[in-house]
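Data first, discussion second: the structure below is written as structure tokens.
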Amino acid sequence: MKKLLMLCLSGLLLVGCSSASNATTEETTVPTETTTTESSEETIYADTFTSASLTRTVLSGNALDEANTALVSLSNDLATLADSQVEGYSAPESKLAQVMSVNPDGSIAMSTIHAWKVDAEAQTVTVVMTDGQTISNLVEAGKRGSILVHGDLYYNMHVEVADVVKLDYSDEAYNNGEFNVDYSGKDNQFAEYTVTLNILTIESTPLYVFD
């Protein structure tokens with residue numbers, strides 16, 4: 001009888017130890033919260049249009065005023081053939097410009113032009129171009145491109161189309177001198193476009209390589 005009683009007490013003691021062990025485990029096993037810290041750092045770009053070139057500077061303030069003055073002085077007068085034949089006319093000493101636009105397939109079109117003129121007060125540039133791929137990408141309001149001019153620095157004007165005037169070819173218009181003095185589309189009877197573009201931003205850089 002005593003042996004049976006001892007066995008029962010031993011069993012109860014083991015059960016009690018097991019319950020205490022489980023309770024202790026349950027109490028200490030508390031889910032640990034994981035805090036995820038998101039980085040608040042933003043990528044810092046060299047300028048508005050490129051992350052690679054530290055030499056390209058988006059102009060503002062006095063630097064922008066100086067660029068506008070330079071671009072006006074480098075501009076053409078957009079003279080037609082008739083204008084150029086008026087007695088006393090003298091063509092300005094203007095610089096060539098590179099007009100760049102985006103082709104339908106995403107590639108870049110570029111044309112070298114003589115007839116371009118900056119209006120610093122209105123912050124516009126007007127170009128006169130014979131029909132071709134580069135200008136055909138810029139004959140709708142809102143289309144964008146860039147115009148590069150080399151003065152003391154290289155100035156890159158990023159532009160958006162505001163107004164388009166198309167002059168279709170006709171012998172009468174050509175003979176009346178209505179086309180630009182440098183118009184070269186007579187043999188193919190190409191149209192001529194006068195496109196005014198808003199200047200969104202002007203960048204400067206000391207060097208571009210075209211050679």
Side-chain angles (χ1 to χ4, degrees), residues 38-39 41-60 63-64 67-68 70-72 74-76 78 94-120 122-169 179-180 182-211:
E38 295 182 359
S39 174
E41 295 182 1
E42 295 182 359
T43 303
I44 299 174
Y45 292 103
D47 57 52
T48 304
F49 294 90
T50 177
S51 60
S53 176
L54 293 172
T55 62
R56 283 173 59 180
T57 303
V58 177
L59 301 178
S60 61
L64 179 59
N68 279 320
L71 288 166
V72 169
L74 298 171
S75 291
N76 185 256
L78 309 183
S94 59
K95 287 276 189 175
L96 298 176
Q98 308 290 340
V99 177
M100 294 168 280
S101 62
V102 180
N103 291 323
D105 65 359
S107 60
I108 301 300
M110 178 184 285
S111 293
T112 302
I113 66 167
H114 176 71
W116 62 279
K117 185 175 184 178
V118 167
D119 183 332
Q123 277 296 277
T124 61
V125 55
T126 300
V127 301
V128 180
M129 296 177 63
T130 302
D131 196 9
Q133 185 61 59
T134 301
I135 195 60
S136 69
N137 299 327
L138 296 171
V139 293
E140 294 179 23
K143 292 290 187 179
R144 293 190 176 189
S146 296
I147 301 175
L148 179 65
V149 180
H150 186 196
D152 292 335
L153 294 170
Y154 284 92
Y155 296 106
N156 202 1
M157 295 176 278
H158 300 287
V159 295
E160 182 178 77
V161 176
D163 185 64
V164 178
V165 176
K166 181 181 180 182
L167 176 60
D168 287 313
Y169 179 84
F179 289 87
N180 185 264
D182 288 326
Y183 171 72
S184 59
K186 180 181 184 300
D187 291 343
N188 296 301
Q189 299 189 354
F190 286 148
E192 180 179 85
Y193 290 95
T194 299
V195 181
T196 300
L197 308 105
N198 293 321
I199 300 173
L200 306 176
T201 307
I202 301 177
E203 290 180 309
S204 70
T205 185
L207 179 66
Y208 276 116
V209 177
F210 286 94
D211 295 333

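If you read the sequence from its start, that first residue is 1, and numbering goes on from there.
Here the straight-line distance linking atom CG of Leu64 with atom CD1 of Ile199 works out to 9.0 Å at 0.5 Å rounding. Separating the CD atom in Glu203 from the CZ atom in Arg56 is a distance of 4.0 Å, to the nearest 0.5 Å. Within the model, atoms OG of Ser75 and NZ of Lys95 stand 12.5 Å from one another, a figure rounded to the nearest 0.5 Å. The line from CG of Leu148 to OG1 of Thr205 is 9.5 Å long, rounded to the nearest 0.5 Å. A distance of 4.0 Å separates OG in Ser111 from CE in Met129, rounded to the nearest 0.5 Å. The CG atom of Asn103 sits 7.5 Å away from the CD1 atom of Ile108 when rounded to the nearest 0.5 Å.
Residues that satisfy the side-chain hydrogen bond (donor to acceptor under 3.5 Å, both in side chains) test with Thr124, not counting sequence neighbours, are absent from this structure. Shown here are the side-chain contact (heavy atoms from CB on, under 4.5 Å) partners of Ser136, two or more places apart in sequence or in another chain: Asp131, Gln133. Qualifying side-chain contact (heavy atoms from CB on, under 4.5 Å) partners for Ala70, counting only residues two or more places apart in sequence or in other chains: Tyr155. Qualifying side-chain contact (heavy atoms from CB on, under 4.5 Å) partners for Ala63, counting only residues two or more places apart in sequence or in other chains: Leu59.
You'll find the side chain of Val149 reaches within 4.5 Å of the side chain of Trp116, heavy atoms only.
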Inset, instruction - Begin from the C-alpha positions of Lys117 and Val125 and carry the test side chain to side chain contact (heavy atoms under 4.5 Å, CB included) through to its verdict. - result: CA-CA 5 Å; Lys117 185 175 184 178; Val125 55; over 6 Å; no
Inset, instruction - Just do the side chain to side chain contact (heavy atoms under 4.5 Å, CB included) check on Val58 and His158 with the steps written out, would you? - result: CA-CA 11 Å; Val58 177; His158 300 287; over 6 Å; no
Inset, instruction - Please test Asn68 against Gln123 for side chain to side chain contact (heavy atoms under 4.5 Å, CB included), starting from the C-alpha separation and ending with a verdict. - result: CA-CA 8 Å; Asn68 279 320; Gln123 277 296 277; 2.9 Å; yes
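In plain terms, the two heavy atoms of Ser101 and Thr134 that are nearest each other are OG-O, 2.8 Å. Closest approach of Ala67 and Ile202 over heavy atoms only: CB-CG2, 4.5 Å.
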Atom pairs and distances, donor-acceptor, side-chain atoms in residues 159-166, under 3.5 Å, two or more places apart:
residue	atom	partner	partner atom	Å
Glu160	OE2	Arg144	NE	3.0
Glu160	OE2	Arg144	NH2	3.2
Lys166	NZ	Asp168	OD1	3.4

Exercise answer: donor-acceptor pairs, residues 185-197 side-chain atoms, under 3.5 Å, sequence neighbours excluded:
residue	atom	partner	partner atom	Å
Glu192	OE1	Asn180	N	3.4
Glu192	OE2	Asn180	N	2.9
Thr196	OG1	Thr126	OG1	3.1

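Using the six-membered ring where Trp is involved, Tyr208 and Tyr154 have ring planes that are perpendicular, over 60° apart on the 30 and 60° scheme.
A donor-acceptor pair is defined here as one N or O able to donate and one able to accept, closer than 3.5 Å; such a pair exists between the side chain of Asn76 and the backbone of Leu78.
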